[in-house]
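Before any comments, here is the structure.
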2 protein chains.
Amino acid sequence: MDIGDLVVFKAIAKEQSVTKAAHSLNYVQSNVTMRLKRLEKELGTPLFHRNARGMTLTSSGKTLVGYADRLLSLMTEAKQAMQGDEPRGPLTIGAIETAAAVRLPAYLTSFMRRFPAVDLTFLSGTTESLIQDVLHHRVDGAFVTGPVDHPEIDTFLFCEEELVLISDQEHSPLESFQDIHARTLVTLQAGCMFRRRVEQWLAAEGIYPKKHVEFSTLEGLIGCVKSGLGVALFARAYIEHAARGEGVHYYEIPDAFSHVSTLFICRKDEHRSKALVEWIAAIEQKKEC
Amino acid sequence: MDIGDLVVFKAIAKEQSVTKAAHSLNYVQSNVTMRLKRLEKELGTPLFHRNARGMTLTSSGKTLVGYADRLLSLMTEAKQAMQGDEPRGPLTIGAIETAAAVRLPAYLTSFMRRFPAVDLTFLSGTTESLIQDVLHHRVDGAFVTGPVDHPEIDTFLFCEEELVLISDQEHSPLESFQDIHARTLVTLQAGCMFRRRVEQWLAAEGIYPKKHVEFSTLEGLIGCVKSGLGVALFARAYIEHAARGEGVHYYEIPDAFSHVSTLFICRKDEHRSKALVEWIAAIEQKKEC
DNA sequence: CTCCTTCCATCAATAATAATGATGAAATAT
DNA sequence: ATATTTCATCATTATTATTGATGGAAGGAG
């Protein structure tokens with residue numbers, strides 16, 4: 001069943017005449033007749049009564065008018081959904097745990113409020129896995145730890161984090177970083193930039209923690225630090241946010257290792273959906289403030 | 001936006017590959033590529049990411065999948081609505097007042113229960129106007145007073161009515177039909193078979209009523225007879241039905257004028273909708289009982 | 001690293017389909 | 001009766017869809 005035939009059919013039904021329908025469609029009469037015949041043949045039922053003065057719908061024809069209307073309006077809706085200026089449709093964003101936790105929620109809420117037709121999905125991963133996700137189109141973009149330098153990827157600075165060393169308040173405060181020798185180091189799983197940074201720093205300082213425990217979630221990690229399991233490197237903003245800092249000591253570490261940038265990345269070359277364009281625009285606008 | 005293109009698009013989305021989609025559709029690969037390109041051009045947005053190993057949906061593509069599903073299933077539904085064995089769609093039936101009043105309601109109720117997908121519409125008229133309505137497709141069929149003899153029309157006996165003369169009970173009962181000379185004759189509007197029959201009969205008897213009042217509805221007519229306005233010719237079944245006979249005398253008239261058949265008529269040659277075929281079948285079945 | 005395979009895009013040629021314009025037949029209105 | 005209006009049919013032309021062959025780009029295997 002061809003859509004064009006349905007348009008022709010509707011015109012005939014409206015004009016109650018093949019000739020008039022042909023005029024209104026800027027077709028020749030015989031063409032309209034042929035298309036109607038094809039439609040009737042395909043459906044196996046006459047759609048019009050042929051009167052001497054024109055055409056009137058049969059029972060089947062009346063039924064088809066309803067379906068034709070629905071089909072054509074659904075098709076129009078589909079086109080508008082694809083072409084409309086308003087962003088809509090799915091937008092899948094990846095984020096490392098740390099970014100997802102503190103800075104994103106507020107941003108995300110305002111975006112969803114502004115573009116309610118966008119169907120936002122989030123998933124988390126490590127910087128490395130997210131870069132692969134972006135390259136393979138598994139996500140439209142992702143928040144990762146900088147720097148990222150890849151010929152296929154565009155980067156946008158989202159925020160800068162300062163890493164601090166955290167420990168619990170039950171143990172006596174650390175006198176110097178050398179005290180870490182006697183403590184357990186708690187990190188997220190391999191691949192997390194926080195973990196790589198802490199390893200770089202400790203290697204530079206010549207410090208080797210007594211033990212190493214690996215966690216997969218941020219909340220789990222911070223809970224363990226609080227309960228005295230060990231020390232960890234963490235984003236200051238996150239610690240200071242929402243009273244998560246209670247029961248925790250924190251210590252600044254050297255600048256060279258403390259500064260971590262969170263970037264939003266997406267593929268460079270590709271066509272970007274309206275939703276993604278707006279998402280990036282919102283990030284750049286936020287940076288200005 | 002061509003439906004065929006949407007089918008091709010869905011195949012590509014399902015197979016995540018132009019080549020595989022071409023195979024599954026029994027097309028050549030280049031053809032599938034072309035159709036996809038056309039669709040993307042028409043919608044002004046890429047629908048797939050081109051990876052080296054195949055195709056993955058873009059954001060717009062994901063949106064379109066939803067619409068394509070809806071469109072295709074609506075189209076299938078439309079076809080089934082047109083071709084399905086179950087009667088459905090509009091069925092417009094005309095009836096003279098007398099038939100519509102007594103005999104039809106029960107029949108109609110059972111039909112609607114049996115074929116809920118049929119959208120039944122009723123309208124009333126005179127035998128003459130209804131014959132024209134049938135010929136001009138304004139109704140699919142009609143109940144009229146027989147006999148009907150027209151080369152384009154098929155007839156089916158619906159029921160036989162016996163006409164009786166009715167008068168009120170306030171006046172003294174009629175001693176003979178000659179008493180009608182002194183009474184008012186109440187009829188339906190011109191064109192009603194009851195009226196024609198009463199005129200034929202009275203002419204044959206040489207009776208000329210004092211006055212003549214014309215009504216347009218049955219209930220109005222019978223109400224007026226009851227209140228003593230005059231006499232009328234009426235179907236016995238209707239008078240005896242649902243206590244309408246209270247307050248009314250009735251008198252049999254000669255056989256030659258008393259028997260009236262109610263026929264169902266419809267166009268002879270035309271394609272008949274499933275609903276109409278069932279409607280006629282039900283009438284013929286009823287006759288057997 | 002190179003070859004091999006797999007995938008999609010492009011293009012020219014052909015097959016299929018749609019649109020046209022002319023003609024005919026049937027039914028009304030003049 | 002005649003002119004007019006209607007839709008159907010048909011041959012012709014224009015357009016579009018499909019094919020088959022070729023090329024380039026990206027992984028995977030050796």
Side-chain angles (χ1 to χ4, degrees), chain A residues 1-42 46-58 61 131-132 134-138 150-153 267-271, chain B residues 1-9 11-42 46-58 61 132 135-138 150-152 267-271:
Chain A
M1 188 172 3
D2 183 55
I3 288 294
D5 288 349
L6 287 184
V7 173
V8 169
F9 164 75
K10 274 205 58 181
I12 303 173
K14 185 184 171 194
E15 307 281 355
Q16 306 225 329
S17 153
V18 168
T19 309
K20 293 205 189 82
H23 266 99
S24 79
L25 294 165
N26 284 312
Y27 282 142
V28 105
Q29 174 261 69
S30 60
N31 191 25
V32 172
T33 298
M34 296 282 254
R35 296 186 79 144
L36 174 59
K37 271 193 61 179
R38 182 175 62 188
L39 197 56
E40 288 181 324
K41 188 180 169 192
E42 182 186 353
L47 298 169
F48 289 94
H49 297 292
R50 271 72 171 173
N51 310 315
R53 325 273 316 126
M55 320 278 277
T56 55
L57 286 165
T58 61
I131 288 174
Q132 291 306 311
V134 166
L135 288 173
H136 291 86
H137 309 290
R138 286 186 290 263
H150 189 288
E152 300 276 303
I153 286 183
R267 285 193 66 112
K268 189 172 269 171
D269 44 16
E270 301 268 329
H271 167 94
Chain B
M1 188 170 6
D2 182 55
I3 288 294
D5 287 350
L6 287 184
V7 173
V8 169
F9 164 75
I12 303 173
K14 185 185 171 194
E15 306 281 355
Q16 306 226 328
S17 154
V18 168
T19 308
K20 292 206 188 82
H23 267 97
S24 79
L25 295 166
N26 285 312
Y27 283 141
V28 107
Q29 174 261 94
S30 60
N31 191 23
V32 173
T33 298
M34 295 283 254
R35 295 186 80 145
L36 174 60
K37 272 193 60 181
R38 182 175 59 187
L39 197 55
E40 289 182 322
K41 186 179 169 193
E42 181 184 354
L47 297 168
F48 290 94
H49 298 292
R50 272 71 170 172
N51 309 315
R53 323 276 314 131
M55 319 278 277
T56 55
L57 286 165
T58 61
Q132 290 306 311
L135 288 173
H136 290 85
H137 309 290
R138 287 186 289 263
H150 189 287
E152 301 275 304
R267 284 192 67 111
K268 189 171 268 173
D269 44 13
E270 301 266 330
H271 168 94

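What you are looking at is a predicted structure, and each value in this text was computed from that prediction instead of being measured. Protein chains get the first letters and strands the later ones, always in sequence-line order, with residue 1 at the start of each. These values consider heavy atoms only, across backbone and side chains, with no hydrogens, waters or symmetry-generated copies.
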With A:Ser24 via side-chain hydrogen bond (donor to acceptor under 3.5 Å, both in side chains) - residues at least two apart: none

Interface limits on DNA chain C, where chain A has a heavy atom under 4.0 Å of a nucleotide atom: C:dA18 to C:dT28

Check: B:Leu135 and B:Glu152 side chains under 4.5 Å, non-hydrogen atoms: yes

Letter per nucleotide, 5' to 3', of nucleotides 21-26 of chain D [B base touched, S only sugar-phosphate touched, - untouched; heavy atoms, 4.0 Å]: B----S

Closest-nucleotide ordering on DNA chain D, the 5'-leading residue of B:Val28 and A:Met55: A:Met55

First of B:His136 and B:Ile12 reached from the 5' end of DNA chain C, by closest nucleotide: B:Ile12

NE2-NE2 distance between A:His136 and B:His49, expressed to the nearest 0.5 angstrom: 12.5 Å

Sequence-distant partners of B:Tyr27, ring-ring contact (aromatic ring centres under 6.0 Å, His included), two or more places apart: none

Minimum side-chain heavy-atom gap A:Val134-A:Arg267 below 4.5 Å: yes

Proximity to DNA chain D (any heavy atom under 4.0 Å), residues of residues 34-42 of chain B only: B:Arg35, B:Arg38

Summary of side-chain hydrogen bond (donor to acceptor under 3.5 Å, both in side chains) pairs that have at least one residue in residues 13-22 of chain A, sequence neighbours excluded: none

Check: A:His271 and B:Thr58 side chains under 4.5 Å, non-hydrogen atoms: no

Whole angstrom value for the distance that separates P of D:dT4 from NZ of A:Lys20: 17 Å

B:Asn31 side chain near D:dA17 phosphate (N/O to OP1/OP2, under 4.0 Å): no

OG1-CZ distance between A:Thr56 and A:Arg53, expressed to the nearest 0.5 angstrom: 13.0 Å

Salt bridge (Lys or Arg N to Asp or Glu O under 4.0 Å) partners of A:Arg138, counting only residues at least two apart: A:Asp133

Separation of atom CG in B:Asn26 from atom P in D:dT19, rounded to whole Å: 9 Å

Interatomic distance where NE2 belongs to B:His23 and P belongs to D:dG20 [whole Å]: 12 Å

B:His137 and A:Leu57: CA distance, side-chain angles, deciding distance, side chain to side chain contact (heavy atoms under 4.5 Å, CB included) verdict: CA-CA 9 Å; B:His137 309 290; A:Leu57 286 165; over 6 Å; no

Can you give me every donor-acceptor pair (side chain of residues 28-40 of chain B, partner residue at least two apart or in another chain, under 3.5 Å) with its distance?
from, atom 1, to, atom 2, distance (Å)
B:Gln29, OE1, B:Thr33, OG1, 3.1
B:Thr33, OG1, B:Gln29, O, 3.3
B:Arg35, NE, B:Asp5, OD1, 2.8
B:Arg35, NH2, B:Asp2, OD2, 3.3
B:Arg35, NH2, B:Asp5, OD1, 3.3
B:Arg38, NE, B:Asp5, OD2, 2.9
B:Arg38, NH2, B:Asp5, OD1, 2.6
B:Arg38, NH2, B:Asp5, OD2, 2.8
B:Glu40, OE1, B:Arg50, NH1, 3.4
B:Glu40, OE1, B:Arg50, NH2, 2.9
B:Glu40, OE2, B:Leu47, N, 2.7
B:Glu40, OE2, B:Phe48, N, 3.4
B:Glu40, OE2, B:Arg50, NH1, 2.9

